[in-house]
J.: 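Dropping the structure in here first, questions after.
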Amino acid sequence: MLKKFREKRYIAKHFKVAVPKLELTITRIRNSSDILVIVPTTTGGNWYGVNVATKNLFPNSIFEIPQYYSNCIYSSVELGQICKTISTHQFKKIIFSGFPLYFSKIISELNAQTAGSCDISIIDHGSFSEYFGKNDLFIRMKEYENLHRNSCIHKIGFLKHGIAEFISKRYDIPSMELLNKTTLAGREIPANGNQKKIHIGVFGNHSFNKNVFNQAMAGLLIKDAVIHVLNYSNIFDNFDERIIVHPFFSDREKFFELMGRMSVNMHLSFSEAYPQLVVESMALGVPCLSTRNNGIFEYDDFLEERLIVQQYDNPVAIAEKIESVLKERDAISLKCRDYTQKLNQIADDKLKIFIS
């Protein structure tokens, strides 16, 4: 009981924002936009990727709802008050980006308060694989089905290749595939000078899915290479002097600075929806190895051939791919920068269709 009380007090002090302050934010957004995009706040790295991706897609319409990890920190009365403020402002469209399960309650309340007159949609950033060992996926699918059946949502956008088509066929919910954007496309990249060593970035977290061990071991096969990883659980501490461990970057610009100094980056996860890190790396002119599980290179055969690793559970095969990329790095780098601008345009075109 005492532990729960302390946690509740901690959440109230460090995460909860007073409802009147949230209402002022909603009003400010309405003064410049008739679209409201609701996204959960982050807790450390939790929901971090979804939060960043949403801000890239909708820079002027974001309403971050405070939460603790994936848990709602507002009472039913407070949520009702927030929904009343939103409905009073008569937004044309409301988009929920990301879907912690308590969003279902907010959507139902908004639909009731607007008498079904508001166009409410969802953007889902996940993939089915991430739910392994949990029952959250079945709960989420049931929530989507119920929300659509009760006319609370009109459509769902998915970042994972193939899921939109599945949802349309399985649940008869209007769905379409979307792409994330990066604000780095077209940015001037300062020259790093001649680096004497090869620098390889492996910036995934330490979950099984992110496959960081195979990537780091592959990097060690590259002569004189320095491998850069992020410190999530101290697993690389004192493992090898060529592995440099960096803290988690809450400052995105500092992370971009580090990522942009790499000779090559890798993001060889076993399953992925839309790997934002790959796009950001390419925008910085740094080739980034990826896998064929996300469809990110389907618009460019040149990059697909050079940056997709077939045997991404094999450190020797990964190392061979790194070597081949380094041999024509300059040409690949230029192509990467052009490609991110193309992806941004495709993302804009898809988003216009989704919103309309």
Side-chain angles (χ1 to χ4, degrees), residues 22-41 47 50-51 53-65 67 72 74 79-126 140-160 163-181 273-274 346-356:
L22 295 179
E23 291 177 315
L24 287 175
T25 300
I26 295 167
T27 300
R28 176 184 56 77
I29 294 170
R30 185 63 183 92
N31 289 337
S32 59
S33 174
D34 59 2
I35 297 175
L36 183 70
V37 181
I38 300 175
V39 64
T41 56
W47 290 97
V50 170
N51 190 280
T54 304
K55 289 175 179 175
N56 289 345
L57 284 171
F58 303 95
N60 303 313
S61 307
I62 298 293
F63 172 55
E64 293 185 81
I65 186 158
Q67 65 171 14
C72 182
Y74 292 94
L79 287 179
Q81 189 176 341
I82 293 168
C83 289
K84 183 177 181 180
T85 300
I86 294 172
S87 62
T88 299
H89 284 299
Q90 298 182 332
F91 287 92
K92 270 189 178 180
K93 298 179 186 296
I94 300 174
I95 299 171
F96 287 79
S97 187
F99 195 81
L101 292 177
Y102 68 87
F103 268 17
S104 183
K105 184 176 182 179
I106 299 175
I107 291 172
S108 297
E109 179 67 22
L110 274 174
N111 184 67
Q113 292 204 17
T114 61
S117 63
C118 186
D119 186 332
I120 299 176
S121 304
I122 295 170
I123 296 179
D124 188 311
H125 297 251
R140 179 174 300 219
M141 293 300 104
K142 184 60 67 176
E143 289 298 320
Y144 287 168
E145 188 177 20
N146 289 337
L147 287 170
H148 182 253
R149 184 186 297 117
N150 294 324
S151 300
C152 294
I153 59 171
H154 294 79
K155 53 184 168 294
I156 308 177
F158 292 92
L159 277 299
K160 175 65 176 173
I163 295 186
E165 185 178 3
F166 167 83
I167 294 296
S168 295
K169 290 181 176 180
R170 174 69 177 84
Y171 297 104
D172 199 27
I173 302 174
S175 304
M176 68 173 290
E177 183 179 331
L178 300 174
L179 299 186
N180 276 335
K181 290 182 63 176
Y274 190 88
I346 295 171
D348 281 335
D349 293 342
K350 286 179 174 289
L351 193 60
K352 286 177 184 177
I353 295 171
F354 182 74
I355 290 175
S356 66

J.: Once you round to the nearest 0.5 Å, how far does OG1 of T114 lie from CZ of F91?
T.: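 So the gap between those two atoms works out to 12.5 Å.
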J.: Taking all atoms of both residues into account, what is the closest heavy-atom pair of W47 and G98, and its distance?
T.: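 Scanning both residues completely, I find the closest heavy atoms to be CZ3-CA, 3.8 Å.
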J.: Would you give the length of the straight line joining atom CD1 of I95 to atom CZ of F63, rounded to the nearest 0.5 angstrom?
T.: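 It is 15.0 Å, given to the nearest 0.5 Å.
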J.: Within this structure, what is the CD-CD distance for the pair E165 and E177, rounded to the nearest 0.5 Å?
T.: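 With rounding to 0.5 Å, CD (E165) is 9.5 Å from CD (E177).
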J.: Any side-chain heavy atom of N60 within less than 4.5 Å of one from S33?
T.: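 Not in contact.
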J.: If you measure from CD1 on I35 to CG on D119, what distance do you get to the nearest 0.5 Å?
T.: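 I35 atom CD1 to D119 atom CG measures 9.5 Å (nearest 0.5 Å).
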J.: Mind listing the closest non-hydrogen atom pair of S175 and A164 along with its distance?
T.: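 It is CB-O, 3.5 Å.
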J.: Roughly how far, to the nearest 0.5 Å, is NZ of K350 from NZ of K181?
T.: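 So the gap between those two atoms works out to 14.5 Å.
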J.: Would you please say whether a donor-acceptor pair under 3.5 Å links the side chains of N146 and K142?
T.: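 There is no such pair between these side chains.
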J.: Look at the side chain of D34 and the backbone N and O of K93, then say whether any donor-acceptor pair between them is shorter than 3.5 Å.
T.: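 Checked: no pair found.
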J.: With a 4.5 Å limit on heavy-atom distance, are the side chains of N111 and N150 in contact?
T.: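 With C-beta onward as the side chain, the pair stays apart.
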J.: Kindly indicate whether the side chain of I106, heavy atoms from C-beta on, has any atom under 4.5 Å from the side chain of F96.
T.: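 They are in side-chain contact.
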J.: Is the shortest side-chain heavy-atom distance between Q113 and T88 below 4.5 Å?
T.: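 When only atoms from C-beta onward are counted, T88 and Q113 do not touch, as no gap falls below 4.5 Å.
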J.: Whether the side chain of E64 engages the backbone of V39 through a donor-acceptor N/O pair (distance < 3.5 Å, no angle test) should be reported.
T.: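 No; judged by distance alone, with no hydrogens or angles, the pair does not exist.
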J.: With a cut-off of 6.0 Å (strictly less than), are more than 12 heavy atoms of other residues, nucleotides or ligands near CG of D172?
T.: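 Check fails, neighbour count at 12 or below.
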J.: From F103 CZ over to I65 CD1, what is the distance, rounded to the nearest 0.5 angstrom?
T.: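 One gets 6.0 Å once the value is rounded to the nearest 0.5 Å.
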J.: For L22, which of T27, I82, I86 qualifies under side-chain contact (heavy atoms from CB on, under 4.5 Å)?
T.: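 Answer to the side-chain contact (heavy atoms from CB on, under 4.5 Å) test with L22 among T27, I82, I86: I82.
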J.: Would F99 and Y144 count as a ring pair (Phe, Tyr, Trp, His ring centres under 6.0 Å) if you check the C-alpha gap in whole Å, the side-chain angles of each, and the deciding distance to 0.1 Å?
T.: CA-CA 10 Å; F99 195 81; Y144 287 168; 5.0 Å; yes
J.: Between C118 and L110, is any pair of side-chain heavy atoms under 4.5 Å apart?
T.: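 No, side chains not in contact.
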J.: Can you list the steps and then say if L159 with N180 is a side-chain contact (heavy atoms from CB on, under 4.5 Å)?
T.: CA-CA 7 Å; L159 277 299; N180 276 335; 3.5 Å; yes
J.: Check the pair Y274 / L178 against side-chain contact (heavy atoms from CB on, under 4.5 Å), numbers first and verdict last.
T.: CA-CA 9 Å; Y274 190 88; L178 300 174; over 6 Å; no
J.: Would K160 and D124 count as a salt bridge (charged side-chain N to carboxylate O under 4.0 Å, His left out) here? Give the steps.
T.: CA-CA 8 Å; K160 175 65 176 173; D124 188 311; over 6 Å; no
J.: So, do I123 and T54 sit near enough that their side-chain heavy atoms are less than 4.5 Å apart?
T.: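 Not touching, per the 4.5 Å side-chain cut-off.
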J.: Quick one: do L57 and F354 satisfy side-chain contact (heavy atoms from CB on, under 4.5 Å)? Show the steps, please.
T.: CA-CA 12 Å; L57 284 171; F354 182 74; over 6 Å; no
J.: Which atom pair, heavy atoms only, marks the closest approach of P174 to S168?
T.: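 What the structure gives for the nearest pair is C-OG, 4.5 Å.
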J.: Which pair of heavy atoms, one from S108 and one from L147, lies closest together, and at what distance?
T.: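 Smallest interatomic distance, heavy atoms only, reads OG-CD2, 3.6 Å.
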J.: Do you know which two heavy atoms are closest between P100 and Q67, and how far apart they sit?
T.: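 Shortest heavy-atom separation between P100 and Q67 comes out as CG-OE1, 3.8 Å.
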J.: Mind checking whether D349 and I353 have side chains closer than 4.5 Å, heavy atoms only?
T.: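 When only atoms from C-beta onward are counted, I353 and D349 do not touch, as no gap falls below 4.5 Å.
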J.: Nearest heavy-atom pair of S97 and V37: which atoms, and what distance?
T.: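 Answer, listing the atom of S97 first, then V37: CB-CG1, 4.2 Å.
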J.: Below 4.5 Å, heavy atoms only, C-beta onward: do R140 and S104 meet side chain to side chain?
T.: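 No. Closest side-chain heavy atoms not under 4.5 Å.
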